[in-house]
Amino acid sequence: MAQTSAKAHDFSFTGIDGTPMPLAQFKGGPVLVVNTASQCGFTPQYRELQALWEKYRDSGLTVIGVPSNDFGHQEPGANNEIKQLCESKYGVDFPLAAKEAVTGGAAHPFYQWAAQEVGEGAAPRWNCHKDRSGPEGEVAVAYPSQVKPLDQSITDDIERLLNTSKA
(Lines give C-alpha, C1' and ligand atoms only; values in the text may rest on other atoms or scores of the structure.)
Protein backbone atom coordinates (compact mmCIF):
# COMPACT_ATOMS: atom_id res chain seq x y z
CA MET A 1 0.00 0.00 0.00
CA ALA A 2 1.33 3.39 -0.97
CA GLN A 3 0.68 6.09 1.56
CA THR A 4 0.10 9.67 0.48
CA SER A 5 0.29 12.92 2.37
CA ALA A 6 -3.47 13.34 2.03
CA LYS A 7 -5.70 13.05 5.08
CA ALA A 8 -9.42 12.34 5.43
CA HIS A 9 -9.88 16.04 6.19
CA ASP A 10 -8.81 16.84 2.62
CA PHE A 11 -12.02 15.30 1.26
CA SER A 12 -15.59 16.51 1.12
CA PHE A 13 -18.92 14.83 0.57
CA THR A 14 -22.12 16.50 -0.50
CA GLY A 15 -24.72 16.24 2.23
CA ILE A 16 -27.94 14.40 1.49
CA ASP A 17 -29.64 17.82 1.48
CA GLY A 18 -27.19 19.12 -1.16
CA THR A 19 -24.96 21.18 1.15
CA PRO A 20 -21.18 20.75 1.23
CA MET A 21 -19.87 18.40 3.94
CA PRO A 22 -16.11 18.94 4.19
CA LEU A 23 -14.53 16.35 6.48
CA ALA A 24 -12.22 19.09 7.80
CA GLN A 25 -15.13 20.32 9.94
CA PHE A 26 -14.80 17.12 12.00
CA LYS A 27 -11.09 17.55 12.78
CA GLY A 28 -10.18 16.74 16.36
CA GLY A 29 -12.30 13.60 16.72
CA PRO A 30 -12.63 10.23 15.08
CA VAL A 31 -14.92 9.91 12.06
CA LEU A 32 -16.68 6.66 11.12
CA VAL A 33 -17.68 6.69 7.44
CA VAL A 34 -20.17 3.94 6.61
CA ASN A 35 -21.55 3.06 3.18
CA THR A 36 -25.24 2.28 3.63
CA ALA A 37 -28.21 0.90 1.71
CA SER A 38 -31.90 0.90 2.56
CA GLN A 39 -32.80 -2.53 1.18
CA CYS A 40 -30.01 -4.69 2.57
CA GLY A 41 -29.82 -7.31 5.29
CA PHE A 42 -27.39 -4.96 7.06
CA THR A 43 -29.77 -1.97 6.92
CA PRO A 44 -30.82 -2.45 10.59
CA GLN A 45 -27.26 -1.38 11.48
CA TYR A 46 -28.65 2.16 11.11
CA ARG A 47 -30.06 1.71 14.64
CA GLU A 48 -26.64 0.85 16.09
CA LEU A 49 -24.96 3.63 14.10
CA GLN A 50 -27.45 6.06 15.64
CA ALA A 51 -26.81 4.61 19.12
CA LEU A 52 -23.04 4.90 18.61
CA TRP A 53 -23.48 8.51 17.45
CA GLU A 54 -25.68 9.35 20.44
CA LYS A 55 -23.24 7.76 22.90
CA TYR A 56 -20.06 9.45 21.64
CA ARG A 57 -20.98 12.56 19.63
CA ASP A 58 -20.63 14.91 22.60
CA SER A 59 -17.13 13.50 23.14
CA GLY A 60 -16.10 14.15 19.52
CA LEU A 61 -17.15 11.17 17.37
CA THR A 62 -18.77 11.82 14.01
CA VAL A 63 -20.69 9.10 12.15
CA ILE A 64 -21.36 9.70 8.46
CA GLY A 65 -23.67 7.51 6.39
CA VAL A 66 -22.87 7.34 2.68
CA PRO A 67 -25.77 5.76 0.77
CA SER A 68 -24.59 3.69 -2.18
CA ASN A 69 -26.28 1.57 -4.80
CA ASP A 70 -23.05 -0.32 -5.62
CA PHE A 71 -23.98 -3.65 -4.04
CA GLY A 72 -26.99 -5.55 -5.28
CA HIS A 73 -28.75 -2.30 -6.28
CA GLN A 74 -29.99 -2.12 -2.69
CA GLU A 75 -30.15 1.69 -2.55
CA PRO A 76 -32.33 2.60 -5.54
CA GLY A 77 -34.05 5.61 -3.95
CA ALA A 78 -33.40 9.28 -4.45
CA ASN A 79 -31.65 11.27 -1.71
CA ASN A 80 -34.91 12.67 -0.31
CA GLU A 81 -36.39 9.14 -0.08
CA ILE A 82 -33.27 7.82 1.65
CA LYS A 83 -33.27 10.68 4.15
CA GLN A 84 -36.97 10.22 4.93
CA LEU A 85 -36.55 6.46 5.50
CA CYS A 86 -33.48 6.93 7.71
CA GLU A 87 -35.21 9.51 9.86
CA SER A 88 -38.64 7.88 10.12
CA LYS A 89 -37.72 4.20 10.40
CA TYR A 90 -34.36 4.38 12.19
CA GLY A 91 -34.37 7.78 13.93
CA VAL A 92 -31.15 8.79 12.18
CA ASP A 93 -29.89 12.28 12.86
CA PHE A 94 -26.19 11.71 12.22
CA PRO A 95 -24.85 13.29 9.01
CA LEU A 96 -25.82 11.60 5.75
CA ALA A 97 -24.05 12.19 2.47
CA ALA A 98 -25.74 12.22 -0.90
CA LYS A 99 -25.74 8.85 -2.67
CA GLU A 100 -22.24 8.00 -3.95
CA ALA A 101 -20.31 5.24 -5.67
CA VAL A 102 -17.95 3.61 -3.15
CA THR A 103 -16.16 1.03 -5.32
CA GLY A 104 -14.12 0.94 -8.48
CA GLY A 105 -12.90 3.80 -10.62
CA ALA A 106 -16.09 5.82 -10.06
CA ALA A 107 -15.77 5.60 -6.26
CA HIS A 108 -15.87 8.83 -4.29
CA PRO A 109 -12.29 10.07 -3.82
CA PHE A 110 -12.46 9.40 -0.06
CA TYR A 111 -12.97 5.69 -0.72
CA GLN A 112 -10.20 5.58 -3.33
CA TRP A 113 -7.86 7.27 -0.85
CA ALA A 114 -8.82 4.97 2.07
CA ALA A 115 -8.13 1.88 -0.06
CA GLN A 116 -4.77 3.33 -1.08
CA GLU A 117 -3.85 4.23 2.51
CA VAL A 118 -4.97 1.12 4.35
CA GLY A 119 -5.03 -1.40 1.53
CA GLU A 120 -7.81 -3.30 -0.12
CA GLY A 121 -9.32 -4.11 3.30
CA ALA A 122 -10.48 -0.49 3.42
CA ALA A 123 -12.42 -0.86 0.19
CA PRO A 124 -16.07 -1.77 0.76
CA ARG A 125 -17.01 -5.28 -0.30
CA TRP A 126 -20.67 -4.83 0.66
CA ASN A 127 -23.04 -2.41 2.39
CA CYS A 128 -22.28 -1.19 5.92
CA HIS A 129 -18.50 -1.31 5.54
CA LYS A 130 -16.93 1.12 8.01
CA ASP A 131 -13.76 3.23 7.60
CA ARG A 132 -12.57 5.05 10.70
CA SER A 133 -10.28 8.04 10.50
CA GLY A 134 -8.51 9.49 13.50
CA PRO A 135 -8.65 12.97 15.01
CA GLU A 136 -5.99 14.28 12.61
CA GLY A 137 -7.60 12.68 9.55
CA GLU A 138 -5.52 9.55 9.33
CA VAL A 139 -7.35 6.40 8.25
CA ALA A 140 -6.23 3.53 10.38
CA VAL A 141 -9.03 0.98 10.61
CA ALA A 142 -11.58 -0.60 8.30
CA TYR A 143 -14.37 -2.76 9.67
CA PRO A 144 -16.22 -5.16 7.37
CA SER A 145 -20.01 -5.20 7.11
CA GLN A 146 -20.38 -8.06 9.58
CA VAL A 147 -18.83 -6.03 12.42
CA LYS A 148 -21.75 -4.23 13.99
CA PRO A 149 -21.40 -0.58 15.02
CA LEU A 150 -21.64 -1.37 18.75
CA ASP A 151 -19.14 -4.24 18.54
CA GLN A 152 -16.57 -3.95 21.31
CA SER A 153 -13.74 -3.66 18.78
CA ILE A 154 -15.29 -0.45 17.45
CA THR A 155 -16.30 1.04 20.80
CA ASP A 156 -12.89 0.26 22.35
CA ASP A 157 -11.17 1.88 19.36
CA ILE A 158 -13.36 4.99 19.55
CA GLU A 159 -12.94 5.31 23.31
CA ARG A 160 -9.16 5.03 22.96
CA LEU A 161 -9.13 7.78 20.34
CA LEU A 162 -11.44 10.02 22.33
CA ASN A 163 -9.28 9.61 25.44
CA THR A 164 -6.11 10.25 23.41
CA SER A 165 -7.48 13.38 21.79
CA LYS A 166 -8.39 14.81 25.22
CA ALA A 167 -4.94 14.16 26.70
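The first residue of the sequence shown is numbered 1, and numbering continues consecutively from there.
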- Query: Side-chain donor-acceptor pair under 3.5 Å between Asp70 and Thr103, yes or no?
  - Reply: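 Yes - a donor-acceptor pair under 3.5 Å links their side chains.
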- Item | Residues Glu54 and Gln50: side-chain donor-acceptor under 3.5 angstrom |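 On atom types as modelled, these side chains qualify, holding a pair under 3.5 Å.
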Could you tell me whether the side chain of [Y] reaches within less than 4.5 Å of the side chain of [X], counting heavy atoms only?
X: Thr62; Y: Pro95; result: yes
X: Asn35; Y: Trp126; result: no
X: Asp10; Y: Trp113; result: no
X: Leu61; Y: Leu161; result: no
X: Ile64; Y: Val34; result: no
X: Pro20; Y: Phe13; result: no

Could you tell me the separation between the [atom1] atom of [X] and the [atom2] atom of [Y], rounded to the nearest 0.5 Å?
X: Thr43; Y: Lys89; atom1: OG1; atom2: NZ; result: 8.0 Å
X: Phe94; Y: Leu32; atom1: CZ; atom2: CG; result: 9.0 Å
X: His9; Y: Leu23; atom1: NE2; atom2: CG; result: 7.0 Å

What heavy-atom pair brings [X] and [Y] nearest, and what distance separates the two atoms?
X: Glu159; Y: Lys55; answer: OE2-NZ, 4.2 Å
X: Phe71; Y: Pro124; answer: CZ-O, 3.5 Å
X: Leu162; Y: Ser59; answer: CD2-O, 3.2 Å
X: Ala101; Y: Ala106; answer: CB-O, 3.4 Å
X: Thr155; Y: Pro149; answer: CG2-O, 4.4 Å

- Item | Any residue meeting ring pair (Phe, Tyr, Trp, His ring centres under 6.0 Å) with Tyr111, in chain and number order, not counting sequence neighbours |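 Partners of Tyr111 by the ring pair (Phe, Tyr, Trp, His ring centres under 6.0 Å) criterion come out as none, since no residue qualifies.
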Please confirm whether the backbone N or O of [Y] pairs with a side-chain atom of [X], one donor and one acceptor, at under 3.5 Å?
X: Asn127; Y: Ala37; answer: no
X: Gln45; Y: Ser145; answer: yes
X: Asn69; Y: Gln74; answer: yes
X: Gln112; Y: Ala107; answer: yes
X: Ser133; Y: Ala8; answer: no
X: Lys130; Y: Ile154; answer: no

- ring pair (Phe, Tyr, Trp, His ring centres under 6.0 Å) contacts in which one or both residues fall within residues 15-35, not counting sequence neighbours: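 Counting only pairs at least two positions apart or across chains, no ring pair (Phe, Tyr, Trp, His ring centres under 6.0 Å) contact touches residues 15-35.
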Qualifying residues under side-chain hydrogen bond (donor to acceptor under 3.5 Å, both in side chains), relative to [X], sequence neighbours excluded:
X: Asp58; result: none
X: Ser153; result: Asp151
X: Tyr46; result: Thr36
X: Ser38; result: Glu75

Checking [X] now: which residues fulfil salt bridge (Lys or Arg N to Asp or Glu O under 4.0 Å) with it, not counting sequence neighbours?
X: Asp157; result: Arg132, Arg160
X: Lys83; result: Glu87
X: Arg57; result: Asp93

- May I have all residue pairs that pass side chain to side chain donor-acceptor pair (under 3.5 Å) and include part of residues 18-33, sequence neighbours excluded?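 Found Asp17-Thr19.
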- Going by the salt bridge (Lys or Arg N to Asp or Glu O under 4.0 Å) test, which pairs reach into residues 137-148, not counting sequence neighbours?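 Residue pairs with at least one partner in residues 137-148: there are none.
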- Please list, chain by chain and in numerical order, all residues satisfying side chain to side chain contact (heavy atoms under 4.5 Å, CB included) with Ala78, sequence neighbours excluded.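 Applying side chain to side chain contact (heavy atoms under 4.5 Å, CB included) to Ala78 gives Asn80, Glu81.
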- Item | Stepwise side chain to side chain contact (heavy atoms under 4.5 Å, CB included) check, Leu49 with Tyr90 | CA-CA 10 Å; Leu49 288 168; Tyr90 297 103; over 6 Å; no
- Intermediate values then yes/no, side chain to side chain contact (heavy atoms under 4.5 Å, CB included), Phe110 and Val102: CA-CA 9 Å; Phe110 171 86; Val102 299; over 6 Å; no
